[in-house]
Amino acid sequence: MKTTDELFALAETTKGFMPSDEGRALYQFALEAKGLTWLELGAWCGKSALYLGAAAQERGAALFSLDHHHGSEENQRGWIYFDEELVDPFDGRLNTLPTWQQTIARAELEQTVIGLVGAAEVIAPHFVQPLDLFFFDGGHGHEVAWRDYRTWTPKLRVGGIFLIHDVFPDPADGGRPPFEIYEHALNSDLFREVGAQGSLRALVRINAPGLG
Ligand code: SAH
Ligand code: MG
C-alpha cells in the first residue's frame, strides 16, 4: 500500500488538470466525507483520482471514477488542451483509459478506485446508490455541465460533500459554467460552502429536496 505522500508524488508526475495545492485540498475535503460511496465525474488520466483515492484508501471508501475517456471538447485536436500522445491509433480518437489504468495500478489503488467507463448521461439513470462525495470535473460546456449538475447532484445525500472544480469568478481565467453552477448551488437552499482552494470549491448538502 502506498503512503499518502507517495500518492501525492505520483500525482505530480501524472498528466492532467489538477494543480498540487488543489489536489491536496481535494484530499483534505474528502477525508471529511461522512460515508463511503464517492464518485468523480471527469477522470482523464487519473490525477485527481490519486488525491481522492489517497483519502478513500485511508477511510475505506470506494471512489467511482467516471469518464468515457475520449476527452472533452477542449481536449480535441486543434484545441489548447490536446495531447497527441493520448491518441489511440486504433480509431484516431483520444483514449485516456490505458493511462488511467496504469495510474491506478502504479498507485496500488485498484481495490479503492473503480473505473466507470461510459458517458455520464448514460450512466446517471442507472446509478442509484446515494453518494457521500461527488467531485464535479467533467465537460465544461454550458449544456453538458448543467445537465451533469442536474442529474448527478440529486444523488448526493444530505451531509454529502459536493466538490466543484474550475470555478473562476473572473471570466478571464476560464469558462463560465462551473462558476455559474457554483453560484446557483449556493443560492439554492441546498448547499453551504465549507471551503475553497484555488478554483476548487467545497460545498455540503444541507437539504433534501430537488434542485428547483
Ligand atoms: N479530473 C481530471 C480532469 C478531468 S478533464 C484530472 O484530475 O486531471 C474532464 C474529463 O471529463 C475528460 O477526461 C472527459 O473525457 C470527461 N468527460 C467530458 N464529458 C463527459 C461525459 N459526457 N461523460 C463522461 N466523461 C466526460
Ligand atoms: Mg478541472
Side-chain angles (χ1 to χ4, degrees), residues 7-8 10-27 29-30 38-56 63-77 79-83 85-88 91 93-104 106-107 109 113-127 133-152 155 162-168 173-179 181-182 196-202:
L7 293 174
F8 287 176
L10 204 54
E12 303 278 338
T13 67
T14 301
K15 280 179 197 263
F17 308 101
M18 183 51 64
S20 102
D21 62 325
E22 296 178 19
R24 284 159 192 257
L26 207 51
Y27 164 79
F29 292 133
W38 304 358
L39 185 138
E40 72 167 356
L41 201 180
W44 191 245
C45 297
K47 197 180 183 87
S48 50
L50 294 186
Y51 293 106
L52 290 170
L63 173 69
F64 292 94
S65 178
L66 188 160
D67 206 303
H68 51 41
H69 286 284
H70 297 304
S72 303
E73 195 182 11
E74 60 271 25
N75 305 121
Q76 305 307 317
R77 195 179 292 278
W79 292 69
I80 40 171
Y81 297 112
F82 177 68
D83 183 344
E85 281 177 11
L86 296 171
V87 172
D88 188 341
D91 59 4
R93 290 194 296 172
L94 277 180
N95 184 3
T96 52
L97 181 57
T99 312
W100 180 91
Q101 283 187 303
Q102 288 157 17
T103 300
I104 302 309
R106 202 172 277 137
L109 282 173
V113 182
I114 299 104
L116 268 185
V117 182
E121 62 276 25
V122 176
I123 295 173
H126 302 284
F127 197 98
L133 179 148
F134 175 51
F135 174 51
F136 185 48
D137 196 24
H140 289 3
H142 180 88
E143 242 168 78
V144 170
W146 278 97
R147 179 202 62 206
D148 289 342
Y149 169 72
R150 292 194 188 284
T151 51
W152 285 93
K155 301 181 196 298
F162 179 28
L163 298 159
I164 314 182
H165 199 226
D166 304 304
V167 171
F168 299 112
D173 296 329
R176 293 282 79 198
F179 176 72
I181 287 167
Y182 157 76
Q197 177 69 46
S199 75
L200 179 68
R201 297 292 179 278

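Order of appearance sets the numbers: ligands from 1, and atoms from 1 within every ligand. Side-chain atoms are counted along with the backbone in the values below, which use heavy atoms only and exclude waters and symmetry mates.
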message: Below 4.0 Å, non-hydrogen atoms only: which portion of His140 touches ligand 1? Side chain, backbone, both or neither.
response: neither
- prompt: Of all the non-hydrogen atoms in the protein, which one sits nearest to atom 22 (N) of ligand 1, and at what distance?
  reply: Glu121 OE1, 3.1 Å
- prompt: Which residue owns the protein heavy atom closest to atom 8 (O) of ligand 1, what's the atom, and how far is it?
  reply: Phe17 N, 2.8 Å
field: Candidate list Phe8, Tyr51, Phe135, test ring pair (Phe, Tyr, Trp, His ring centres under 6.0 Å), partner Tyr27, passing option
entry: Phe8
message: Within the 4.0 Å heavy-atom shell around Gly16, which atoms of ligand 1 are there?
response: 8 (O)
query: Does a donor on one side chain sit under 3.5 Å from an acceptor on the other, for Glu121 and Thr151?
result: no
field: Derivation and outcome, ring-ring contact (aromatic ring centres under 6.0 Å, His included), residues Tyr149 and Trp146
entry: CA-CA 5 Å; Tyr149 169 72; Trp146 278 97; 5.8 Å; yes
- line: In ligand 1, the atoms that come under 4.0 Å of a heavy atom of Gly42 are 1 (N), 2 (C), 4 (C), 10 (C), 11 (O)
- prompt: Is the shortest distance from a heavy atom of Gly23 to ligand 1 less than 4.0 Å?
  reply: no
message: Applying side-chain hydrogen bond (donor to acceptor under 3.5 Å, both in side chains) as the test, list every pair that has at least one member in residues 134-143; sequence neighbours left out.
response: Asp137-His165, His140-Asp166
- line: Looking only at protein heavy atoms, what sits closest to atom 23 (N) of ligand 1 is Ala120 N, 2.8 Å
- request: Would you check, one step at a time, whether the test side-chain contact (heavy atoms from CB on, under 4.5 Å) holds for Ile104 with Ser65?
  value: CA-CA 10 Å; Ile104 302 309; Ser65 178; over 6 Å; no
- prompt: What protein heavy atom is closest to atom 3 (C) of ligand 1, reported as residue, atom name and distance in Å?
  reply: Asp137 OD2, 3.5 Å
- request: Could you pull out all residues at least two apart from Asp173 that satisfy salt bridge (Lys or Arg N to Asp or Glu O under 4.0 Å)?
  value: none
- request: Using a cut-off of 6.0 Å, state whether more than 12 heavy atoms not belonging to Tyr81 lie near its atom OH.
  value: no
task: Report the residues that fulfil side-chain contact (heavy atoms from CB on, under 4.5 Å) with Val167, sequence neighbours left out, ordered by chain and then residue number.
output: Ile164, Pro178, Phe179, Tyr182, Arg201
statement: Scanning both residues in full, the closest heavy-atom pair of Met18 with Leu26 reads CE-CD2, 4.0 Å
query: If you look at every heavy atom in Leu66 and Ala119, which pair is closest and at what distance?
result: CD2-C, 4.5 Å
- prompt: For ligand 1, which atoms sit closer than 4.0 Å to a heavy atom of Met18?
  reply: 7 (O)
statement: Within 4.0 Å of some non-hydrogen atom of Ser72, the atoms of ligand 1 are 9 (C), 10 (C), 11 (O), 12 (C), 14 (C), 15 (O), 16 (C), 17 (N), 18 (C)
query: Taking the non-hydrogen atoms of Arg147, is any one of them nearer than 4.0 angstrom to ligand 1?
result: yes
- prompt: Any idea which of Asp67, Asp148, Asn75 brings a heavy atom closest to atom 16 (C) of ligand 1?
  reply: Asp67
message: Could you identify the single nearest non-hydrogen protein atom to atom 11 (O) of ligand 1 and state the distance to 0.1 Å?
response: Gly138 CA, 3.4 Å
field: Geometric N/O contact Val144 with ligand 1, under 3.5 angstrom
entry: no
message: What protein N/O/S atoms are there under 2.8 Å from the Mg ion (ligand 2), waters excluded?
response: Asp137 OD1, His165 ND1, Asp166 OD2
- line: Smallest heavy-atom separation, Leu94 atom then Gly71 atom, equals CD1-CA, 4.1 Å
statement: When rounded to the nearest 0.5 Å, the distance separating CZ of Phe64 from CD of Glu40 is 12.0 Å
- prompt: Are any of the heavy atoms in Leu66 under 4.0 Å away from ligand 1?
  reply: yes
task: Please check if the distance between the ring centroids of Trp152 and Phe136 is under 6.0 Å.
output: no
query: Where is the tightest heavy-atom contact between Leu7 and Leu50, given as atom of each residue plus distance?
result: O-CD1, 4.1 Å
message: Considering non-hydrogen atoms of the protein only, which is the closest contact for atom 20 (C) of ligand 1, and what is the distance?
response: His68 NE2, 3.3 Å
